Structure formats: structure tokens, C-alpha cells
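These notes concern the structure reproduced below.
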Amino acid sequence: MSRFLTILLATLGSAALLGGAFLFQAFGYPPCAMCIWQRWPHGIAIAVGLIAMMLPGRVLPVIGALAATTTAAIGIFHTGVERDWWEGPSSCTGSGQSLGSLSGGDLLATDGPRLVMCDVVSWELFGLSMASWNALLSLVLVALWISALRRS
């Protein structure tokens, strides 16, 4: 497979994962903070991929691989938070807000932004959450970027 085709596949892979995230959001699965963190590296990988298809060299595939590795690492960390393997950020997990600081009106309110917890799995397929799928598929993208690097 050529360098161009490998970069194209990696770029389209990030675009598909990012598009899927927005599609799930449109279907009523609002993202938590860690979900949003996983989106940024895909955006970077897409931009890098578009440039790398036009310019030769080894630097851009390295940056693409780092972006895919970053989103995979965040996905693995997020999976661990969801599965209670380790603590997540207090700002988006069950330990972040104490009920004592909320008024009765806050607890009963239905308006305003919906708090989405990072330690709750909102959707899964074959026992894997969206964060887990992002991590696994992003590792495939890492392999594609490394393959493109070897062809540079």
C-alpha cells in the first residue's frame, strides 16, 4: 500500500470516528468531558492527514501517529474510569459534586445543561463502551500512521 493511501485511510479513520461521535451526540448521547478530550486529537489527525497527502516527509506521519496515540491513551484512561479500575477527574465523575452543596431546587430542576458523568457507560457494543471502541480503533490508526512513516 502506498504512503498516500495509508495516510488517506488513517485520515478517513479519524474522520469516521469523529463523525460517529457527533452522530451519537445527535442521537441523544451527550458527551462527557473525557469524550470531548478524545475528539481533539482526531481533529488534529485529520488536518495533519490532509497536509501529509500533499507534502512528502516523515514529520507529518509522526504527528499523525502521536495524535492517534493520544486519543487511544485518553480512551484507555476513560475506559478505566468507566470500569472503576482507577479514579477519574473529580470534575466529571461521581466524586465531583457533593449532594450537600446542592439545593432542593437544584436536585429537582429539569432545565439547564445535563451533567454527563465520565464514570458512567452510556452505550456499549459487545461489552465495550464508546471510549473502548475509540481506543481500539485509534490503535489501528496508529499502525496506519506508522506504516505511512515507513513509506516516507
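Since this is a predicted model, take the numbers as computed values, not measurements. Numbers here simply count residues along the sequence, with the first being 1.
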| task | Kindly compute the distance separating CG (L23) from CG (L18), expressed to the nearest 0.5 Å. | result | 11.5 Å

| message | Using side-chain heavy atoms (C-beta onward) and a distance below 4.5 Å, is T11 in contact with I7? | response | yes

| query | What is the distance from atom CZ of F27 to atom CZ of F22, rounded to the nearest 0.5 Å? | reply | 14.5 Å

| request: Find out if a path of hydrophobic residues (ILVMFWY) with successive side-chain heavy-atom gaps under 4.5 Å connects I63 to L12. | output: yes

| query | Under 4.5 Å between any side-chain heavy atoms of P89 and M34, yes or no? | reply | yes

| Nearest atoms (heavy-atom pairs only) where Q25 meets P31 | CD-CD, 3.6 Å

| field | Heavy-atom pair with the smallest gap, counting every atom of L139 and A72 | value | CD2-CB, 3.8 Å

| message | Tell me whether M53 shares a hydrophobic cluster with L60, the cluster being built from Ile, Leu, Val, Met, Phe, Trp, Tyr side chains joined at under 4.5 Å. | response | yes

| Are L5 and V48 in one and the same hydrophobic cluster, where Ile, Leu, Val, Met, Phe, Trp and Tyr link if side-chain heavy atoms are under 4.5 Å apart? | yes

| message | Would you say that more than 12 heavy atoms from the other residues, nucleotides or ligands in this model lie under 6.0 Å from the CZ of R150, or not? | response | no

| field | Residue pair E87 / D119, side-chain heavy-atom distance below 4.5 Å | value | no

| note | Residues passing the ring pair (Phe, Tyr, Trp, His ring centres under 6.0 Å) test with F24, sequence neighbours excluded, are Y29, W123

| Atom CG in L8, atom CE in M1: separation rounded to 0.5 Å? | 10.5 Å

| task | Determine yes or no for a side-chain-to-main-chain donor-acceptor pair under 3.5 angstrom, with R39 supplying the side chain and L17 the backbone. | result | no

| request: For R3 and A148, work out which heavy atoms get closest and say how close. | output: CG-O, 3.9 Å

| message | If we count only N and O atoms by modelled type, under 3.5 Å, do the side chains of S129 and E82 hold a donor and an acceptor together? | response | yes

| request: Establish, for the pair R151 and F4, whether the NZ or CZ atom is under 6.0 angstrom from the six-membered ring centre and no further than 45 degrees off its axis. | output: no

| field | Nearest heavy-atom neighbours spanning V81 and G88 | value | CG2-CA, 3.4 Å

| field | Check: A65 main-chain N/O paired with T69 side-chain donor or acceptor under 3.5 Å | value | yes

| Is there a donor-acceptor pair closer than 3.5 Å between any side-chain N or O of T6 and the backbone N or O of L144? | no

| task | State, with a plain yes or no, whether a side-chain heavy atom of I76 is found less than 4.5 Å away from one of W85. | result | no

| request: To the nearest 0.5 Å, tell me how far S122 OG sits from M130 CE. | output: 3.5 Å

| remark: Scanning both residues in full, the closest heavy-atom pair of P30 with G28 reads CD-O, 3.1 Å

| task | Answer yes if I51 and W145 sit in the same cluster of Ile, Leu, Val, Met, Phe, Trp and Tyr residues linked by side chain heavy atoms under 4.5 Å apart, and no otherwise. | result | yes

| request: Please report the closest heavy-atom contact between L9 and L141, naming both atoms and the distance. | output: O-CD2, 4.3 Å

| query | Do I46 and M54 belong to the same hydrophobic cluster, where Ile, Leu, Val, Met, Phe, Trp and Tyr are linked whenever their side-chain heavy atoms lie under 4.5 Å apart, directly or via other members? | reply | no

| query | Hey, what else clusters with L66 if you join Ile, Leu, Val, Met, Phe, Trp, Tyr whenever side-chain heavy atoms sit under 4.5 Å? | reply | V62, L149

| query | Is the W133 ring parallel, tilted or perpendicular to the F126 ring (thresholds 30°, 60°)? | reply | perpendicular

| query | Can H42 and N134 be counted as having a side-chain donor-acceptor contact under 3.5 angstrom? | reply | yes

| request: Apply side chain to side chain donor-acceptor pair (under 3.5 Å) to T79 and list each qualifying residue two or more places apart in sequence or on a separate chain. | output: S132

